[in-house]
Structure formats: C-alpha cells, structure tokens
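Working notes, beginning with the structure itself.
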Number of protein chains: 2
Amino acid sequence: MSSLVDVAREAGVAVATASRVLSGSAHPVSAATRAKVLAAAERLEYSPSALARAMVSPHSRLVGVLVSDIVNPYFSVIARGVDDVATRAGYVTMLSNVDRRTETELGRLRVMRDYRAAGVIFAGSGLIDDPHLPALVKAVRQAREQGVRAVALADRSLGCPTITVDNRAAAHDVTDHLVSLGHRRIALIEGPPGMIVTRQRREGFLACTAAAGLADGARCVPGGFDHEAGHAAALRLIARPPLPDAVVAANDEAAVGVLSALRQAGIDVPGEISVAGINDLGVARHVGLTTVSLPLYEMGAMAARRIVDSPPGPDAAPGSTTTLSHRLVARETTARRARTR
Amino acid sequence: MSSLVDVAREAGVAVATASRVLSGSAHPVSAATRAKVLAAAERLEYSPSALARAMVSPHSRLVGVLVSDIVNPYFSVIARGVDDVATRAGYVTMLSNVDRRTETELGRLRVMRDYRAAGVIFAGSGLIDDPHLPALVKAVRQAREQGVRAVALADRSLGCPTITVDNRAAAHDVTDHLVSLGHRRIALIEGPPGMIVTRQRREGFLACTAAAGLADGARCVPGGFDHEAGHAAALRLIARPPLPDAVVAANDEAAVGVLSALRQAGIDVPGEISVAGINDLGVARHVGLTTVSLPLYEMGAMAARRIVDSPPGPDAAPGSTTTLSHRLVARETTARRARTR
DNA sequence: TTGTAGGCGTTATCAA
DNA sequence: TTGATAACGCCTACAA
C-alpha cells in the first residue's frame with residue numbers, strides 16, 4: 001500500500017498538498033498541481049488509510065448496530081436499513097449480536113467506542129427491571145460525550161434519541177380489527193417474558209378489549225417470538241376449550257406457529273378462528289396473515305441517517321422520541337365472526 | 001477519553017512501560033510498577049484506542065463479511081456464525097450487503113482493506129461468466145498480499161481458501177430421495193438465472209435423474225430463491241398438466257412458496273405430490289419440509305476462525321477448498337408415490 | 001498557492 | 001527492568 005508520502009514524493013509536492021487534493025479539502029490548489037497529484041495517486045493506486053483518517057478526525061466512518069439476533073428477520077430488516085444508508089454515505093456497518101443481554105450490549109458499545117464509531121444503534125427491546133440498565137445508561141452518556149452518536153429503536157430510557165413505533169397502539173389496533181369483525185373471546189399470545197415490548201403489546205391488547213367491554217373474553221397466554229412458541233401456545237389453547245374466536249400473536253413468526261398448530265388440529269382459519277400477528281415481515285405477506293406493518297427498514301435507515309448526517313462533536317441532543325406510524329394490514333387469516341357456538 | 005500518556009503520567013512511569021503492562025506484552029515489568037500502572041488505568045477508566053492499535057499492528061481486529069442480502073436467512077445464519085466466533089476472539093464484524101453485484105463487492109473489499117481488516121469473507125455465490133470477476137480476483141490477491149485474509153463460502157475461483165458444501169451432491173441427494181420413494185416425473189424449480197449455485201444444483205438434479213433413467217420425466221423450470229418465485233413456478237407447473245410426482249425447489253423458501261401454491265390449488269402434499277427444498281433453515285423445520293441440511297452457521301464460524309486464528313502477515317495460503325458435509329432431512333412433505341395416474 | 005511541522009495513541013526498537 | 005523515541009498515515013494550523 002502506498003501512502004500519502006509516496007504520492008507526494010511521486011508527484012513532487014509536499015505531503016500537505018497531496019492531502020489537500022486527495023481529501024477533497026476546501027483549501028485552494030492550482031489546477032496543475034492538482035493534476036500532478038491525481039496522476040501520481042492513480043499510478044500508485046493510492047487509497048487512503050481509513051484508520052489514519054479516523055485517528056485525526058473526530059470519529060471514524062463506522063456505524064455500529066446492536067441487535068438481539070441477526071437471524072431474527074425483525075433485526076435483519078433493520079440491519080438492512082442501516083447498512084443501505086451507511087454504505088451510501090461512505091460508512092461501514094459494524095454488526096453485533098447481543099442475545100438480549102444488556103451486559104453484552106455494554107461490552108459491545110465499549111468496543112465500538114474504542115473504534116471511535118460515528119454512532120451506535122440499539123435495535124433491541126429493553127428488559128423490565130433490568131439491573132444492568134444504569135451501567136448501560138452511564139456508558140451511553142460517556143460515549144455520547146466522546147462524540148459517539150447513540151440511537152435506540154425501542155423505548156429503553158437510554159438517554160439518547162429514540163426512533164420507534166407505538167407498540168401499544170399497534171397491538172391495540174390489531175385487536176380492534178378483530179373486535180370490529182365481531183369477535184368476543186380473543187386471546188393474546190404474549191412475547192417473551194420480561195421484555196418491555198411484550199408488556200407494551202399486552203397493554204395495548206388489554207386496553208382495547210377492556211374498552212370494548214370484552215374483559216371477560218380477553219385472555220393472555222405465555223408465548224414468545226418464534227414459531228415454536230406460537231405453536232405451543234396454540235396447542236395449549238386448543239387443549240382447553242372453548243377455543244377463542246380470535247388470536248393475536250406477539251409477532252408474525254409466532255402467528256405462523258399458531259396457524260400451523262390450528263391447521264394440524266383441523267381447525268379452519270379464518271372460518272372457525274381468526275389469527276393476526278404484528279410486524280409484517282415477508283412471511284406474513286406470503287401466508288396471507290393479517291398483521292400490523294411496522295416500518296422496520298425505515299427505522300434502521302432513519303437511525304443511520306441521523307448518525308451520518310450529524311455534525312461531529314459531543315452529542316448533546318436530548319433523549320427525544322420519534323414515533324413512526326404503523327398500519328393495519330388485513331389479509332386472509334381474519335374474517336367476520338360467522339356463527340355462535 | 002484518557003490515553004496511554006495520561007495513564008503513564010498518572011502512574012509516574014514512561015509511556016512504554018504503561019503500554020507493556022496494559023497490552024499484555026511479554027516484556028518483563030516489576031510487580032510494583034505493574035500495580036501502579038493498573039491502578040492508574042483503573043482510576044482514569046483507560047480504554048485503549050482500537051484505531052491507534054491497528055495503526056501500528058499488521059491489521060485491525062475487524063472482520064468483514066460480504067453477503068448478498070442480510071434479510072435472506074441463508075446469509076443471516078452465516079453472519080451469525082461469523083459474528084459469534086469474531087466476538088469471542090475480540091474482533092468486530094463488519095457487514096455489507098452487496099446485492100449480488102460483483103462491482104459492489106469489489107468496492108466493499110477496498111473499503112475493508114482501507115480499515116486494514118483482518119479478513120474478509122465472501123458469503124455469496126458467484127455469477128456465471130461474470131465480466132467483473134477478474135477485477136475482483138486481482139483485488140483479492142492484492143488484499144491478501146497486504147495481509148487481509150480472504151475466505152469464500154462458495155465456489156468462485158477467487159484465488160483464496162474456500163469453505164463450502166457440495167451443492168451438486170446436495171441437489172443430487174434430495175433428488176435421489178424422491179427417486180427412491182418411487183417418483184418418476186420430477187421437476188426442479190431452479191434458482192435465480194446466472195448464478196453458479198443455480199447451475200450446480202441443476203447439474204446435481206440432472207445427474208441423478210439421468211442415472212435413474214428418468215431423463216424423460218425430469219423437468220427444469222425457472223424459479224428463484226424466494227417465496228414468490230417458488231409460488232409462481234408451482235402455478236405454472238399446475239397450469240400445464242400432468243402434475244409431476246415430485247418437486248425439488250432451489251431452496252427452502254422457494255419450496256414454501258410451492259407448498260402454498262399447491263395448497264391453494266387443493267393439491268395434497270405429500271399425497272398427490274412430494275415437495276423438497278435445500279438449506280434447512282428454520283422455516284423448513286416448521287413446515288415439516290424435506291430438505292438438505294447445509295452447515296451454514298458452521299461455514300461462517302469456520303471462515304471467521306480461519307481469519308482470527310491466522311498469524312499476521314501476507315496471506316500465502318493457496319486457494320484450497322474445504323467441503324463441509326450436508327445431510328438429507330426427510331420430513332413430511334415427501335412420501336412414497338402411492339398410485340399411478 | 002505551497003510547504004513545514006505537530007499531533008492523534010499505540011507499539012517496537014534501542015539505550016540505559 | 002525502565003525510559004526515550006521513532007514509526008504508523010493522515011490532517012491542519014501556521015508560515016512562507
């Protein structure tokens with residue numbers, strides 16, 4: 001690898017001059033000199049060291065994204081949004097899986113700060129009564145003081161800007177859709193225990209059923225965010241009749257698990273029971289699942305944009321919250337309640 | 001952020017000494033001095049600059065992974081394997097989506113080299129008759145000379161170590177499974193046109209059907225790697241009777257698309273037709289899809305291991321190929337051919 | 001318009 | 001065993 005010194009020597013100019021033309025500086029350089037430098041750089045196949053650049057600038061062109069698990073499509077889509085924006089802006093995405101462990105998140109944040117990341121995006125939901133939260137909050141504050149932008153994609157009280165959706169409202173809306181179709185006994189298959197997003201969606205569900213005077217028919221059962229959890233929860237529902245009129249699953253994946261359990265049991269959807277999810281990932285469209293579309297890609301993209309567009313220096317932006325809108329997408333797994341039982 | 005200079009001053013020792021204890025050097029340091037330095041570092045919350053370290057060492061602790069699209073679970077699983085190993089070894093994963101564009105891959109490789117990445121993993125399949133391949137091969141060679149390890153996870157003739165599976169054999173084996181179940185007229189729904197992996201799987205399919213004397217019954221139809229492609233291909237198959245006895249889809253996602261098309265058409269699986277995929281991602285287990293299990297996670301993990309375990313310096317390892325084994329997983333979407341038609 | 005020089009934070013070399 | 005110093009490659013005052 002040839003360095004700026006090599007290029008300067010080859011072009012017969014000072015290092016500073018070479019730097020000025022090659023780094024797109026505003027400093028004036030004569031056309032002739034510029035041409036010489038460019039030619040030399042071309043000949044030597046010069047490519048600036050991103051490391052050295054980052055050393056002397058307020059931050060590197062690295063953007064970190066902390067996800068619970070990249071295999072979960074919820075996070076893949078966010079990561080895709082982050083990376084598209086980052087790449088277009090000349091940045092590189094650093095990815096880390098943290099398995100919902102706040103301590104791991106803390107460790108990864110430190111590593112990213114040590115690379116002088118331009119910013120770090122916290123994509124995962126927080127935990128209820130998280131004993132490690134204070135440590136993370138403190139680390140986030142310090143990182144921000146050092147110029148690392150932080151953005152959260154879920155309500156976590158991290159003391160940094162948050163870009164998220166109203167999970168409570170999303171759960172409310174999908175439940176309301178079921179209510180409006182005439183369903184009276186509705187079950188919610190909850191997300192993983194201990195997660196804030198699980199609580200938010202439960203609250204939305206309960207608020208809607210209560211408002212509709214369906215408190216008696218509303219039933220929350222333990223679940224999770226994957227096929228197996230939804231499948232298992234549905235089996236439990238089936239085992240304890242009467243079957244509810246409708247089911248809201250914690251997310252699309254769980255809803256798909258519910259669908260397969262019902263199908264295996266010979267229960268018709270939406271004839272005998274309606275099923276809905278939340279997220280609207282690829283699978284939902286494919287199986288015709290009624291769900292709530294969440295702007296996941298946009299959340300990632302917007303978070304990245306916030307980072308790459310931000311002027312350098314300590315980040316003083318307060319912990320504002322931007323709430324993106326969601327949208328009910330009615331498909332074939334929900335239908336008007338046909339008969340009484 | 002306090003630097004090594006700060007720590008040295010605080011401890012009352014020379015910078016070199018502080019560096020020796022804090023970087024775990026083999027150079028001897030007295031216990032007393034060591035303690036002083038450690039205490040000072042603790043007080044100042046010292047954390048070494050990864051950037052400065054990378055500047056003076058042969059490479060950074062960054063591992064790059066180039067995927068076609070992280071939203072595709074095939075790549076998410078690989079990325080997860082890479083990240084798990086990288087993180088455990090104290091490295092950070094840089095992720096880039098390249099949308100199957102070799103030129104983009106080339107650009108991202110350059111960026112990662114500019115960060116002095118320890119290595120770069122090419123996760124995607126190559127293209128047939130790719131006009132940009134020579135440029136990429138050259139860039140890979142140069143990167144390797146500069147100390148960047150390169151690993152490919154598909155047969156691409158990149159001139160670097162390759163860790164992959166035998167796609168030809170995988171397609172052969174799943175086809176053979178169908179043949180052994182008595183199926184005579186078997187259709188292959190191909191992957192995206194122009195991809196090497198598409199050709200390999202087709203070759204395996206054709207080799208198997210030919211060997212079984214089923215050349216007449218073997219039929220290759222255009223498809224793709226997603227739900228929609230599989231769905232559309234199945235519809236075309238249905239539209240032109242007779243329906244084949246069995247279908248091999250290019251991958252699991254396409255197979256799921258096939259299943260839904262058949263279901264919508266009221267065609268029983270596996271009663272009237274057997275369906276199989278390739279990859280064995282989460283969805284396959286869930287829908288009970290017969291498929292071929294590919295060690296995707298292990299491929300990513302092994303590639304990362306190769307990089308983090310490799311001693312620094314120019315990479316001279318020849319373009320060896322490690323082929324990991326696959327395994328047929330028979331589930332409920334395939335069954336013995338019941339009746340003649 | 002161009003050049004000189006200092007510094008970013010670390011590790012490694014060479015002396016002491 | 002410890003210390004001073006030279007890199008690594010770049011950018012940016014400051015000087016000319």
Side-chain angles (χ1 to χ4, degrees), chain A residues 1-38 40-41 44-62 90 111 113-117 146-147 312-313, chain B residues 1-38 40-41 44-62 90 111 113-117 146-147 312-313:
Chain A
M1 281 304 281
S2 47
S3 74
L4 203 51
V5 186
D6 302 324
V7 174
R9 187 175 332 128
E10 170 87 8
V13 301
V15 188
T17 306
S19 169
R20 295 198 257 259
V21 0
L22 263 11
S23 67
S25 154
H27 200 100
V29 175
S30 79
T33 309
R34 177 178 302 275
K36 276 197 299 186
V37 173
L38 255 18
L44 269 39
E45 296 189 326
Y46 169 75
S47 189
S49 158
L51 254 22
R53 278 200 165 161
M55 281 275 295
V56 295
S57 45
H59 60 69
S60 68
R61 281 174 163 268
L62 294 166
V111 171
R113 176 206 54 190
D114 293 344
Y115 276 99
R116 287 235 224 168
Q146 291 160 25
Chain B
M1 281 304 281
S2 47
S3 74
L4 202 53
V5 183
D6 302 323
V7 175
R9 187 175 334 126
E10 170 87 8
V13 302
V15 187
T17 306
S19 169
R20 294 197 259 259
V21 0
L22 262 11
S23 67
S25 152
H27 199 101
V29 175
S30 78
T33 308
R34 176 177 304 276
K36 276 197 298 185
V37 173
L38 255 18
L44 269 38
E45 295 189 323
Y46 169 75
S47 189
S49 159
L51 253 23
R53 278 200 164 161
M55 280 276 294
V56 294
S57 45
H59 61 70
S60 68
R61 281 174 164 272
L62 294 166
V111 171
R113 176 206 54 190
D114 294 343
Y115 276 99
R116 288 235 223 168
Q146 291 161 26

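Sequence lines set the chain letters: A, B, ... in the order given, protein chains first and strands last, and positions in each chain run from 1. No hydrogens, no waters, no symmetry mates; every other heavy atom, side chains included, goes into these values.
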Heavy atoms of chain A, cut-off under 4.0 Å: which first and last nucleotide of DNA chain C, 5' to 3', fall inside that, if you could look? C/dT1 to C/dG9
Output all residues satisfying side chain to side chain donor-acceptor pair (under 3.5 Å) with A/S47, sequence neighbours left out; order by chain, then residue number. B/R113, B/D114
Between CG on residue A/L4 and CG on residue A/L44, distance to nearest 0.5 Å: 11.0 Å
For A/P312, all residues meeting side-chain contact (heavy atoms from CB on, under 4.5 Å), sequence neighbours excluded: A/P58, A/H59
Distance-minimising heavy-atom pair for B/A11 and B/A40: CB-CB, 3.7 Å
A side-chain contact here means heavy atoms from C-beta on lying under 4.5 Å apart; do A/R61 and B/Y115 qualify? yes
Correct closest heavy-atom pair for B/R116 and B/M55 would be NH2-O, 3.4 Å
For chain B, the stretch of DNA chain D it reaches, first to last nucleotide, under 4.0 Å of its heavy atoms: D/dT1 to D/dG9
By side chain to side chain donor-acceptor pair (under 3.5 Å) - contacts of B/S49 (at least two apart): none
Neighbours of DNA chain D within residues 47-60 of chain B, by heavy-atom distance under 4.0 Å: B/M55, B/V56
For B/R20, the side-chain contact (heavy atoms from CB on, under 4.5 Å) test, sequence neighbours excluded, returns B/A16, B/T17, B/S25, B/H27, B/V29
With heavy atoms under 4.0 Å as the rule, sort B/L4 into base, sugar-phosphate or nothing. base
Can you name the residues that form a side-chain contact (heavy atoms from CB on, under 4.5 Å) with B/S57, not counting sequence neighbours? none
The criterion is side chain to side chain donor-acceptor pair (under 3.5 Å); which residues satisfy it with A/S19, sequence neighbours excluded? none
Can you check whether A/S2 reaches A/E10 side chain to side chain, under 4.5 Å on heavy atoms? no
Please give me every residue in residues 8-18 of chain A whose heavy atoms get under 4.0 Å of an atom in DNA chain C, ordered by residue number. A/V13, A/A14, A/A16, A/T17
Indicate yes or no: at least one non-hydrogen side-chain atom of B/V21 is less than 4.5 angstrom from one of B/T33. no
Check DNA chain D against residues 19-35 of chain B and give the residues with a non-hydrogen atom under 4.0 Å, in numerical order. B/R20, B/H27, B/P28, B/V29, B/S30, B/T33
Tell me if a side-chain donor or acceptor on A/S60 pairs with a main-chain N or O of A/A54 at a distance below 3.5 Å. no
Helical bend (five base pairs per end, nearest 10°) for the helix from C/dT1-D/dA16 to C/dA16-D/dT1: 50°
Compare all side-chain heavy atoms of B/L38 with those of B/L22 and state whether any distance is below 4.5 angstrom. yes
